[in-house]
Amino acid sequence: MIKVSFLLYLLCAGLLFTTGSCGNRKSQDENEVKTDTDSEVSTGRNRPNILLIVVDDLGYSDLSPFGGEIRTPNVQRLADNGLIVQHCYTTPLCAPSRAMFMSGMDNHISGVGAMPPFQAASQYMQPGYEGYLNDRVMTLPEVLRENGYHTYMSGKWHLGHEEGRRPFEEGFERSFSFLGGGVSHFNNMFPLGPEEVIHTVYYEDSVQVEKLPDDFYSSDYYADKMIQYITEQKDEAPFFGYLAFTAPHDPLHVPDDWMDKYKGAYDKGYDAIRQVRMDNMKKLGLIPKDLPMNQGSGDFKKWNQLSAQEKKLQARRMELYAAMLEIMDLNIGRVLDALQKAGKLENTLVLLIGDNGANPKDPSFYKTNMKPFNNSLENLGKPNSFVSLEGGWAEVTATPYSYFKTTTGEGGVRVPFIISGPGVTRSGIDPTNQILGTDIMPTLLEITGIKRPDTYKNNKLAEMTGKSFAGMMDDGNSEVRDGKTGFGIESLENKAYIKGDWKIRLIMPPFGDGNTWQLFNLQDDPREQRDLAEQNQDKLNELLGDWSTYTQAVGYIRYNGGRAYEVLGPKNFFKSELDSANRELLEKAKMNMVRGGE
């Protein structure tokens, strides 16, 4: 339940965003910061607090501001008093997307060209493929901390477990961090699979956490820690908070008192929920009123093809998933309420973003030994269970778009994005601008009047590839990217290039053939149902040329020589260095280095 103080804040915030009259906020012209030479900027005065909230494996239409039936009132209130970005893109996997957020640059430059431990033999420890944020990066918290911000993190890192690459070594003053990609949401800390063990580790600041509290539940505890760090701050300096939930990433887990919160809500199956979401999205103006339903890829059974028992199991998966998101939403409310009590909320810019689409994989993807788990219908969601959302529901969560996490279909790379707080004078939906995850850091630096240096710790830094969208926050005519400015996305050889209304994509098996580039006009066909490659060869070739230019610019290395983890073995792979032993093994794999292009 939201406390009265937070409701009062929201009333005030609504007035602020529409009239600029709440509190002592200056006029837009007076409060605008352009350079770091301004006296107010150099002393840190009037800089906003920043809270960046990242949701893990979130479907585009899950949250209520994006048409979802799941109860997310706190996210809804952020959206009601802020700006919804209709076209926001990331990579199709967690770590590369988070590398974008923390570096402001393409993931192939910053060190997560491939998500570890999935680097190919051709990519292993090559520039841009180190598996952690490399020395060409100065992280967002490092830049902000160097310029007077307190920096706090709570949640999932997934950007390096190696010494020197952990959150407390990458700019965070206080942190409670999970280093890996996924883990039990309870205190039993079981890894997703054998390859995840090495980074299935928690740290508080520089100390490894050997035992979690008995009542640990990820979303609750991450919020607890963020609240602790913010409220323990003694001075009036601004803060940057990075609240990185692991919900609703598998395993699907909820506390006992949440087990039946959505009981029966999904018994009618996939198409019934698709229709509800489609209707909601049309009312919200997120999709055209005449857009037909997306029936899905055909790779999974239809609801009417499932047995009665299969329907019960599938409905239960979605019940748990929905409950995880509502719990997360309540914890976002707790953090916002704590900020209000501390007198900090009015000057806090809140950004909420998903890192990629929902997860279609079952636990076999992680090579998990399932014998210890009890996945009976009655036990699903409990600490000793391990199930995922799987493909049928993952497609539904992407409504009306195609595919999901791991792919470069719109359902894999288009994510919810909400901006709310000081400086966001627009409301409703931005229907035109295309935003990329790389754009967050340059935007925040522009807003705060901070310039990132060209060198850091004696290393020359790569240029940020992101574009600031600060102008979009108060100007409906602001154009972040014009129709001639595109961007590339690639992860595990799933590829896309988007320029204006046009998109090419290539999807690897099992959801694509791994060879064929498809062409879509997203304005006319946002569901990606009509491949125009054959009938518009000129446009296909134009975008393929753009793709080649992009790969050369960022240092893309083609997957070749087999998977490095399998070539080297776990012991050698996790050395994270090209010593003589690793070089010899990689040579035996006959890797063929190819930089850029196809």
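Only this structure's heavy atoms are used, side chains among them; waters, hydrogens and symmetry mates stay out.
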> Got a donor-acceptor contact below 3.5 angstrom from the D205 side chain to the S175 backbone?
Replying inline: yes
>> Give me the atom names and distance for the closest heavy-atom approach of C88 to I353.
In response: SG-CD1, 3.7 Å
>> So, applying side-chain hydrogen bond (donor to acceptor under 3.5 Å, both in side chains) with S97, which one of D56, D355, T91 is it?
In response: T91
> Within a strict 4.5 Å, meaning less than it, do heavy atoms of the K344 and Q233 side chains meet?
Replying inline: yes
> With side chains defined as the heavy atoms from C-beta onward, is the minimum distance between Y242 and Y152 less than 4.5 Å?
Replying inline: no
> Quick one: does N188's side chain have a donor or acceptor within less than 3.5 Å of a partner on P383's backbone?
Replying inline: yes
> Taking the side chain as C-beta and beyond, is there a heavy-atom pair between T438 and M105 under 4.5 Å?
Replying inline: no
>> Has T368 got a side-chain atom pairing as donor or acceptor with P363's backbone, closer than 3.5 angstrom?
In response: yes
>> Could you check whether R71 makes a cation-pi contact with Y262, meaning its NZ or CZ is under 6.0 Å from the centre of the six-membered ring and within 45° of the ring axis?
In response: yes
>> So which atom in G104 and which in P442 form the shortest heavy-atom distance, rounded to 0.1 Å?
In response: CA-CD, 4.1 Å
> Do you see a donor-acceptor pair shorter than 3.5 Å between the side chains of T139 and E170?
Replying inline: no
>> Looking at every heavy atom in both H158 and R98, which two are closest together, and how far apart are they?
In response: CB-CD, 4.5 Å
> If only atom types and distance count, is the side chain of D62 paired as donor or acceptor with the main-chain N or O of G59 below 3.5 Å?
Replying inline: yes
> With no hydrogens and no angle check, is any side-chain donor or acceptor of N494 less than 3.5 Å from a backbone partner on T406?
Replying inline: yes
> Is the shortest heavy-atom distance from the side chain of H253 to the side chain of S184 under 4.5 Å?
Replying inline: yes
> Do you know which two heavy atoms are closest between F186 and K382, and how far apart they sit?
Replying inline: CE1-C, 4.0 Å
